[in-house]
Amino acid sequence: QDTITLRLHQFLPAQAAVPAMILKPWSERLEAATDGRIRIEHFDAMSLGGRPPELYDQARDGVVDMSMTVVGYTPGRFPRTEVVELPFMMTNPVATARAYWDMVETDFQSNEYADTKVLGAWVHGPGVIHSKNGVNSLEDMQGLTLRGPTRIINDLLSELGAEPVGMPLPAIPEAISRGVVQATVIPWEVTSSIRLSELVSHHTEFSGNEALYTAAIVLVMNKARYEALPEDLRAILDEQSGAALSSFATQVMWDMDAPAREIAVNAGNTITTLDQAEVDRWKAASQPVIDRWVGEMNAQGIDGT
């Protein structure tokens with residue numbers, strides 16, 4: 001039978017954990033399960049053009065068949081999804097991804113993702129502060145120019161006293177090298193793909209199970225392309241995606257935090273872990289971010305609680 005070729009576009013370099021260890025193994029499993037009737041072509045690092053904030057619309061509009069992106073790269077467009085990014089909300093990344101996927105199935109797919117088919121919805125491991133001069137206390141955030149990925153996380157950084165600069169991940173190396181920002185927040189996992197441990201020498205972690213933040217990630221498919229698949233292939237795609245893919249993706253990203261962290265250790269960089277008393281100060285300082293989001297959702301007719 002004819003092979004159906006689907007083009008998948010995303011913003012990370014090919015060697016990063018998400019394309020190399022999540023998207024490509026997933027597509028290989030899908031191809032095997034369909035006996036080769038579905039084939040995925042991978043286009044990494046925005047090689048089909050555009051900018052990372054355009055990826056969702058590229059899938060929606062049929063410019064590509066599938067895209068993977070950080071939801072918050074389009075600020076305010078997916079308000080319900082922002083719940084998983086609220087400060088200190090996440091205690092376990094895989095559990096958070098499962099909850100995120102459940103919300104996609106029961107709520108988000110029919111409203112803010114209604115114009116695409118969501119194949120996977122996951123989060124990364126605990127967000128870490130990576131800086132040139134070190135962040136050892138809440139006071140060190142005052143006036144710090146700091147890259148942030150999404151609206152909620154930038155609101156958090158601002159509430160903590162920093163001066164956030166929103167930008168997608170591929171822009172971080174140049175922004176740090178040129179002095180546009182002095183620091184960035186990203187999980188350990190992706191630092192190796194942009195050689196961040198060579199650009200900054202200080203890293204700040206948070207003790208305990210609660211993470212400063214995480215970011216929501218989606219893999220979406222053009223809705224018409226999905227619905228045009230033969231029924232048996234659509235069933236296989238569903239089986240290979242969804243909750244299983246979401247949990248798998250998060251586990252891989254979380255697992256890859258350790259080897260990426262080791263690169264910074266071997267480079268002789270300074271890694272500071274804030275103790276629980278200091279973390280509690282950060283949690284208290286970030287509470288207005290949560291309160292604002294709940295108020296915004298309630299004002300939109302969305303139950304923010």
Side-chain angles (χ1 to χ4, degrees), residues 1-50 52 54-71 78 81 94 97-98 100-124 193 216-253 255-256:
Q1 299 186 35
D2 291 340
T3 297
I4 296 172
T5 300
L6 303 171
R7 301 194 304 168
L8 195 167
H9 197 203
Q10 58 87 28
F11 62 90
L12 290 166
Q15 72 272 18
V18 171
M21 302 179 69
I22 297 171
L23 297 177
K24 287 168 188 174
W26 167 75
S27 67
E28 289 166 3
R29 291 195 296 270
L30 178 61
E31 290 169 18
T34 62
D35 295 324
R37 292 170 61 200
I38 288 180
R39 188 170 73 89
I40 307 293
E41 283 187 341
H42 293 267
F43 295 89
D44 305 314
M46 301 305 301
S47 56
L48 292 179
E54 298 166 6
L55 280 164
Y56 182 89
D57 286 345
Q58 287 184 354
R60 181 198 65 184
D61 298 339
V63 176
V64 300
D65 300 304
M66 300 175 176
S67 65
M68 185 282 296
T69 191
V70 173
V71 177
F78 303 97
T81 300
V94 174
R98 288 173 179 158
Y100 179 18
W101 177 256
D102 286 345
M103 288 186 286
V104 167
E105 280 199 305
T106 59
D107 185 3
F108 302 170
Q109 177 69 83
S110 62
N111 45 66
E112 57 193 34
Y113 299 128
D115 48 8
T116 63
K117 168 61 179 177
V118 181
L119 299 177
W122 65 89
V123 298
H124 58 61
S193 70
I217 301 164
V218 289
L219 174 65
V220 296
M221 184 172 180
N222 177 265
K223 198 168 186 179
R225 194 81 162 105
Y226 171 79
E227 292 173 349
L229 290 174
E231 186 175 348
D232 62 328
L233 293 186
R234 198 163 60 243
I236 294 171
L237 176 58
D238 289 346
E239 182 182 1
Q240 294 292 327
S241 305
L245 172 60
S246 302
S247 296
F248 166 72
T250 297
Q251 188 67 60
V252 169
M253 294 187 79
D255 288 345
M256 291 306 295

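- In this structure, the separation between CZ on Phe43 and NE2 on His9 is 8.0 Å, given to the nearest 0.5 Å.
- In this structure, Ser247 contributes its side chain and Val94 its backbone to no donor-acceptor pair below 3.5 Å.
- To the nearest 0.5 Å, atoms CD (Glu112) and CG (Asp107) are separated by 7.5 Å.
- Taking the six-membered ring where the residue is Trp, Phe78 and Tyr56 present perpendicular rings, their angle passing 60° and hence far from 30°.
- Within a 6.0 Å radius of CD in Glu227, other residues, nucleotides and ligands contribute more than 12 heavy atoms.
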| task | Dump the intermediate steps for side-chain contact (heavy atoms from CB on, under 4.5 Å) on Ile236 and Arg37, then the final yes or no. | result | CA-CA 11 Å; Ile236 294 171; Arg37 292 170 61 200; 5.9 Å; no
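- Smallest separation of non-hydrogen atoms from Ala59 and Asn222: O-ND2, 3.0 Å.
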| Trace of the side-chain contact (heavy atoms from CB on, under 4.5 Å) decision for Val118 with Trp101 | CA-CA 9 Å; Val118 181; Trp101 177 256; 3.7 Å; yes
Donor-acceptor pairs under 3.5 Å, side chain of residues 19-28 to any protein atom, not counting sequence neighbours: which ones?
unit_1: Lys24; atom_1: NZ; unit_2: Asp44; atom_2: OD2; d: 2.9
unit_1: Trp26; atom_1: NE1; unit_2: Gln240; atom_2: O; d: 3.0
unit_1: Ser27; atom_1: OG; unit_2: Leu23; atom_2: O; d: 3.3
unit_1: Ser27; atom_1: OG; unit_2: Lys24; atom_2: O; d: 2.8
unit_1: Ser27; atom_1: OG; unit_2: His42; atom_2: NE2; d: 2.9

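- Atoms CG and CD1, from Leu6 and Ile40 in turn, are 4.5 Å apart once rounded to the nearest 0.5 Å.
- Side-chain atoms of Gln10 do not come within 3.5 Å of backbone N or O of Leu219 as any donor-acceptor pair.
- The heavy-atom pair separating Val123 from Ala216 by the smallest distance is CG1-CA, 4.4 Å.
- Legend: residues meeting side chain to side chain contact (heavy atoms under 4.5 Å, CB included) with Thr5, ordered by chain and number and at least two apart, are Thr3, Arg39, Glu41.
- The distance from the CG atom of Leu237 to the CG atom of Asp232 is 11.5 Å, given to the nearest 0.5 Å.
- Between the CD atom of Gln109 and the CG atom of Asp115 there is a distance of 9.0 Å, given to the nearest 0.5 Å.
- For the pair Tyr226/Thr116, no side-chain contact is recorded, criterion being any heavy-atom separation below 4.5 Å from C-beta on.
- Distance check: Asp255 CG to Met253 CE gives 11.5 Å after rounding to the nearest 0.5 Å.
- Using a 4.5 Å cut-off on side-chain heavy atoms (C-beta onward), Leu229 and Met221 make contact.
- Of the possible donor and acceptor atoms, one in the side chain of Thr34 sits under 3.5 Å from a partner among the backbone N and O of Glu31.
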For a quick test of your reading: what N or O donor-acceptor pairs under 3.5 Å do the side chains of residues 61-70 make, sequence neighbours left out?
unit_1: Asp65; atom_1: OD1; unit_2: Arg225; atom_2: NE; d: 2.9
unit_1: Asp65; atom_1: OD2; unit_2: Arg7; atom_2: N; d: 2.8
unit_1: Ser67; atom_1: OG; unit_2: Leu55; atom_2: O; d: 2.9

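- The shortest distance between side-chain heavy atoms of Tyr100 and Ile217 does not fall below 4.5 Å.
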